[in-house]
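We use all heavy atoms of the structure for the numbers below, so side chains are in, but hydrogens, waters and symmetry mates are not.
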Amino acid sequence: MNAQVPGTVLKRERAREAVLELIESRGSGDALPSERALCVLLGVSRPTVRAAVDELVAAGLLVREHGRGMFVAPAKITQELVAGDRALTVPQASGAWSSRLLEFTTLQAGARVGRKLRMSPAAEIVYVARLRLVDGAPIAIEHLHIRAELVPGLSAQELESGDLYEHLRATHGVHVHEAVQAIEPTVVTRAEAKLLDVPELSPALLFERLTSDTTGRPVEYVHSLYRGDRYRIVSRLALGPKAEVAPDREGHHPGIPPGDFAHGDAIAASTRGDVQTGG
């Protein structure tokens with residue numbers, strides 16, 4: 001793992017995280033520094049800052065006003081799906097899933113990711129960006145942030161083939177148990193569109209997930225972008241008790257790699273991603 005020279009994807013990702021940190025430290029309608037000021041503050045080029053800002057504008061987190069600057073967008077309305085006091089399971093999507101690594105490095109967590117993983121901003125994480133494919137076609141871009149202390153010797157092979165959570169369990173002794181996941185609509189940027197083989201500004205689904213192990217310790221923070229033309233979400237709500245049925249162990253969870261959740265562990269929300277044949 002090379003932690004010395006960040007690649008293009010990592011630079012854009014770190015710029016995005018830094019601007020998100022500024023957004024989350026302000027209220028709706030508050031101004032952000034100009035793109036030029038952000039370049040100096042973050043030590044990156046203007047195109048890198050603009051790509052990060054464009055993504056956050058498209059996601060509805062920032063508002064650009066001509067001649068005035070950038071402002072924090074109004075807060076989004078959140079609708080929580082629940083099923084009483086019963087946790088919902090996560091069905092799986094079909095197809096043969098594989099991965100292609102875009103970035104793989106070790107770096108400091110930083111303030112925002114450190115807060116999510118409940119660790120020091122100076123502590124090390126493994127950052128992974130990978131392209132997810134189904135039957136050879138690009139479907140999603142995943143950005144993974146994993147506590148480095150938990151996965152010494154994590155290899156590229158583990159990230160490109162097989163079940164990542166199975167690798168974490170079998171090789172590193174990490175047993176994931178629960179995840180809190182948010183899903184919202186967005187559009188793809190030019191760089192994302194090129195990776196996903198879709199037109200720029202195509203609709204997409206943004207998954208943000210925090211995964212914990214059996215002790216409640218945060219293990220992994222992930223945000224993933226799934227092609228909107230290849231996915232649909234179906235919510236299955238438990239309205240009452242039913243007979244226990246053995247789970248289907250084939251396929252892949254939308255936004256969640258197959259793993260411990262596929263072995264029957266309960267999580268906090270339920271969605272179903274169906275890979276479509278068209279698009």
Interatomic distance, [X] atom [atom1] to [Y] atom [atom2] [nearest 0.5 angstrom]:
X    : Y    : atom1 : atom2 : result
R230 : I139 : CZ    : CD1   : 4.0 Å
E184 : L61  : CD    : CG    : 6.5 Å
E160 : S99  : CD    : OG    : 7.5 Å
L159 : L164 : CG    : CG    : 6.0 Å
F207 : H223 : CZ    : NE2   : 14.0 Å
Y226 : I141 : OH    : CD1   : 11.0 Å

R64 atom CZ, over 12 foreign heavy atoms within 6.0 Å: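 Buried by this count: over 12 neighbours within 6.0 Å.
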Enclosure of K194 NZ (heavy-atom neighbours >12, cutoff 6.0 Å):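 Not more than 12 within 6.0 Å, no.
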Residues R217, D213: salt bridge by 4.0 Å N-O rule: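 A salt bridge is present here (some side-chain N lies under 4.0 Å from a carboxylate O).
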Using side chain to side chain donor-acceptor pair (under 3.5 Å) as the criterion, list what pairs up with [X], not counting sequence neighbours.
X    : result
R147 : none
E65  : R68
E208 : R112, Y221

Test side chain to side chain contact (heavy atoms under 4.5 Å, CB included) applied to V151 and I125, T106, L168, the passing residue: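 By the side chain to side chain contact (heavy atoms under 4.5 Å, CB included) criterion, V151 pairs with just one of I125, T106, L168: L168.
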Partner of L107 under side chain to side chain contact (heavy atoms under 4.5 Å, CB included), chosen from R14, E124, H145: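 When side chain to side chain contact (heavy atoms under 4.5 Å, CB included) is applied between L107 and each of R14, E124, H145, only R14 qualifies.
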Closest non-hydrogen atom pair between [X] and [Y], with its separation:
X    : Y    : answer
G27  : V72  : O-CB, 3.3 Å
A179 : T211 : CB-OG1, 4.1 Å
A75  : S28  : N-OG, 3.3 Å

If we only count heavy atoms from C-beta on, is the [X] to [Y] side-chain gap below 4.5 Å?
X    : Y    : value
E35  : V53  : yes
R26  : E24  : no
V49  : V44  : yes
L196 : L131 : yes
L117 : L210 : yes
L22  : L38  : yes

Step-by-step salt bridge (charged side-chain N to carboxylate O under 4.0 Å, His left out) determination, E21 to R115: CA-CA 11 Å; E21 176 72 12; R115 279 201 307 271; 3.2 Å; yes
Check: S161 main-chain N/O paired with H167 side-chain donor or acceptor under 3.5 Å: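 Yes; at least one donor-acceptor contact below 3.5 Å.
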Backbone of A96 reached by a side-chain donor or acceptor of D135 within 3.5 Å: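 Flag set: sc D135 to bb A96 pair under 3.5 Å.
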Residues E158, H172; criterion side chain to side chain contact (heavy atoms under 4.5 Å, CB included); working and verdict: CA-CA 11 Å; E158 291 176 282; H172 305 282; 3.1 Å; yes
Side chain to side chain contact (heavy atoms under 4.5 Å, CB included) between E55 and T186, intermediate numbers included: CA-CA 9 Å; E55 179 179 343; T186 186; over 6 Å; no
Hydrophobic clusters here meaning ILVMFWY residues chained together by side-chain heavy-atom distances under 4.5 Å, can you tell me if [X] and [Y] are in one?
X    : Y    : result
L62  : V188 : no
V57  : V187 : no
L102 : L225 : yes
Y127 : M119 : yes
V180 : L20  : no

Indicate whether the side chain of [X] and that of [Y] have a donor and an acceptor atom separated by less than 3.5 Å.
X    : Y    : value
E220 : Y165 : yes
R46  : T48  : no
E17  : H143 : no

Derivation of the side chain to side chain contact (heavy atoms under 4.5 Å, CB included) call for L150 and V219: CA-CA 8 Å; L150 300 179; V219 169; 4.1 Å; yes
Working for side chain to side chain contact (heavy atoms under 4.5 Å, CB included), residues I146 and V174: CA-CA 11 Å; I146 308 171; V174 177; over 6 Å; no
Pair S98-R100, side chain to side chain donor-acceptor pair (under 3.5 Å): steps then yes or no: CA-CA 7 Å; S98 60; R100 176 162 64 85; over 6 Å; no
